[in-house]
Amino acid sequence: MRTSWADAVANADSSAAVTSASPSNVATVAPSPSRGGRAAYVPPHLRSRQQSSESSAATAAPAISDAPLTRQPPPFVAPPAGGSRWGSGPIRDPSRPSARGGSGGWNTRGGGWDRREREANPFAKDDDTSEAACDSQENSGINFDAYEDIPVDTSGENVPPPVNTFAEIDLGDALNENIRRCKYVKPTPVQRHAIPISLAGRDLMACAQTGSGKTAAFCFPIISAILRQPPGQRQRGSRTAFPLALILSPTRELSVQIHEEARKFAFQTGVRVVVAYGGAPINQQLRDLERGVDILVATPGRLVDLLERARVSLQHIRYLALDEADRMLDMGFEPQIRRIVEQMDMPPRGQRQTMLFSATFPKEIQGLVYGLLVEHSIDDQARVILNHGPQLEGTRLASDFLYNYIFLAVGRVGSSTDLIVQRVEFVLDSDKRSHLMDLLHAQRDSGAHGKQALTLVFVETKRGADSLEHWLSMNGFPATTIHGDRTQQEREAALRSFKSGATPILVATDVAARGLDIPHVAHVVNFDLPNDIDDYVHRIGRTGRAGKSGLATAFFNDSNASLARSLAELMQESNQEVPQWLSHYAAARSYSSGGGGGGRNRRSGGARFGGRDFRRDSSYNRGGGDYYNGGSGYGGGSTGASSAGPGVTSAWD
DNA sequence: AAAAAAT
């Protein structure tokens with residue numbers, strides 16, 4: 001008790017006016033917000049502060065009314081010449097200490113004595129590694145040919161047209177310079193469409209294939225918009241940070257990665273990006289926040305902690321981005337996300353701009369729930385029904401968070417690219433290890449210089465990851481592992497070691513399935529297949545990135561029978577060779593899991609795909625009785641929705 | 001049944 005974080009806060013705060021910080025106080029349950037009156041809601045941790053005349057809450061309010069949030073792009077306000085942070089220059093902006101680099105330990109010292117240090121160059125890391133040339137080539141060498149003829153589906157009111165070049169969009173000089181530094185020559189398809197939509201101030205639900213540049217698609221417009229409409233005066237001495245943008249992601253490593261990218265995009269713009277995630281000492285993160293934050297990248301748990309400590313307030317949030325949005329709104333995360341988005345002090349939808357991004361978007365999460373298609377405009381009415389339906393507890397509606405949004409699908413949602421060669425092999429559990437060994441041997445023999453190409457091996461359990469890693473290491477294959485039972489230091493060290501090639505085999509649970517951009521992964525092995533085809537899509541998407549090719553091998557046996565049908569269909573759609581035995585499995589399964597049959601796996605069959613905006617579904621107008629009508633699999637997702645028909649193949653199919 | 005996410 002003595003060493004609880006609450007005590008630590010109390011001890012650390014020299015101010016006499018510190019909020020009472022007993023655990024019971026912070027654990028206060030927020031009153032349930034009424035839908036209309038959210039603006040008046042003051043979270044418990046801010047209430048006592050309002051009495052102080054210099055209170056953060058009190059000074060914060062005018063800043064918002066000075067810069068009313070609008071649905072239109074604000075008038076352009078040029079950033080102060082020469083400089084940043086609205087007048088003071090980048091030199092004064094204390095940088096993050098040069099990051100936890102190769103040392104492997106936490107950088108807890110922080111560098112408080114070095115406050116005038118120049119903003120650390122986020123591009124420096126690229127340049128001082130031997131792989132710099134390689135990386136540069138890679139960035140400039142994005143295989144845009146692979147991006148030709150992609151079916152693109154947009155819907156919603158007044159969809160802004162796509163752009164063909166970055167130059168067409170006025171992102172501002174500083175951002176353009178960073179785009180040049182990143183060696184991005186032209187926007188990827190998702191960027192071409194999403195950036196103008198976002199710059200127009202519209203909410204967005206965007207689906208695009210793995211490795212197609214989603215991070216930049218939501219970061220560029222956020223940074224650009226912040227530059228155009230800088231925040232009002234910052235209160236000095238406040239211990240509460242008021243970020244303007246919040247980017248949430250489902251894993252810590254993904255947050256770290258988004259932060260690293262966002263720092264590059266925001267370099268010397270004066271826009272400050274901070275990351276906060278669990279498993280790491282909170283003190284450095286608190287210091288970073290205290291120095292000021294415009295864009296906060298976070299995992300949900302740590303953010304809730306920071307909100308409870310009143311070290312972060314969401315009152316000034318203008319932009320909210322959920323990366324891997326379907327995952328964020330899935331069962332495990334949804335309550336936390338709802339709490340952050342709906343029950344703290346974030347402006348409600350319509351008063352902020354919200355963007356959801358993912359490579360997969362099950363219709364359930366788009367908003368099709370148990371046959372009821374719910375659009376936000378009729379939402380309140382429908383919600384009454386939903387909330388009173390006994391089986392409808394825990395419904396997840398992405399549209400809860402969106403206002404008059406635009407739906408964007410680049411490529412067929414949830415499909416994989418045929419740049420990835422997918423193989424499925426029937427392997428009994430007892431044979432998996434030796435089979436993996438065979439693959440690794442063959443790979444090593446055929447590889448250049450007898451070196452092991454980077455191979456990412458997915459297993460089902462954390463224990464299984466450890467034991468396979470141990471076995472591989474014992475058998476002469478340098479391997480490491482990443483999973484949720486390892487310390488955060490170990491996790492990050494494992495990722496570094498894998499990226500550098502020191503341990504060219506990484507055994508991972510699903511913690512590494514989504515979003516991680518690891519260059520040069522040649523081979524993804526699904527040692528244990530996931531139960532959910534969407535997870536499969538994300539896993540194999542760790543290879544074949546930026547238009548490059550890759551290989552994915554899956555070990556299939558009886559225990560994966562429930563995946564057979566969706567796997568076979570996915571492979572067929574991606575122009576992969578489907579083994580006959582797999583088709584048999586698929587056929588044998590289809591009577592029980594397909595159509596309107598079992599429904600045990602809510603993602604089975606046609607309901608999985610959000611290849612199109614559910615608002616356009618014809619059943620939307622039929623009152624929602626026949627919701628399994630798309631159950632014939634992929635057909636439901638392609639009924640004239642794409643600019644290319646269902647039979648048309650492309651690199652993005 | 002498992003994984004992830006706060007301490």
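Letters go in sequence order (proteins before strands), and every chain restarts at 1. What you see below is based on every heavy atom in this structure, not just the backbone, and it leaves out hydrogens, waters and symmetry mates.
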Between [X] ([atom1]) and [N] ([atom2]), how many Å, whole number?
| X | N | atom1 | atom2 | value |
| --- | --- | --- | --- | --- |
| A:I340 | B:dA5 | CD1 | P | 14 Å |
| A:R327 | B:dA5 | CZ | C1' | 9 Å |
| A:Y536 | B:dA2 | OH | C1' | 20 Å |
| A:L248 | B:dA4 | CG | P | 19 Å |
| A:E253 | B:dA4 | CD | C1' | 10 Å |
| A:D532 | B:dA3 | CG | P | 15 Å |
| A:M331 | B:dA5 | CE | C1' | 15 Å |
| A:D305 | B:dA6 | CG | C1' | 5 Å |

Under 4.0 Å between a side-chain N or O of [X] and OP1 or OP2 of [N]?
| X | N | result |
| --- | --- | --- |
| A:T509 | B:dA2 | no |
| A:R491 | B:dA5 | yes |
| A:T299 | B:dA4 | no |

Measure from the side chain of [X], starting at C-beta and using heavy atoms only, and say which of [options] lies closest.
| X | options | result |
| --- | --- | --- |
| A:T251 | B:dA4, B:dA1, B:dA6 | B:dA4 |
| A:R252 | B:dA6, B:dA4, B:dA2 | B:dA6 |
| A:Q336 | B:dA4, B:dA1, B:dA5 | B:dA5 |
| A:R302 | B:dA5, B:dA1, B:dA6 | B:dA6 |
| A:V511 | B:dA2, B:dA5, B:dA6 | B:dA5 |

* Asked: For the base of B:dA1, is there a side-chain donor-acceptor partner from A:N531 under 3.5 Å away?
  -> yes
* May I ask you to check whether A:Q284 and A:R287 show a side-chain donor-acceptor distance below 3.5 Å? =>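 Result is yes, a qualifying pair exists.
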* Aromatic contact, A:F218 with A:F357 (centres under 6.0 Å) -> yes
* So A:Y585 and A:F556, would you call those rings parallel, tilted or perpendicular, with 30° and 60° as cut-offs? ->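 Rings of A:Y585 and A:F556: perpendicular, over 60°.
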* Structure fact -> Those residues at least two apart in sequence (or on a different chain) that pass salt bridge (charged side-chain N to carboxylate O under 4.0 Å, His left out) with A:K432 are A:D429, A:D528
* Not counting sequence neighbours, which residues clear salt bridge (charged side-chain N to carboxylate O under 4.0 Å, His left out) with A:E253? List them please. => A:R491
* Give A:G484 one of three labels, base, sugar-phosphate or nothing, depending on what nucleic acid heavy atoms sit under 4.0 Å from its own. => sugar-phosphate
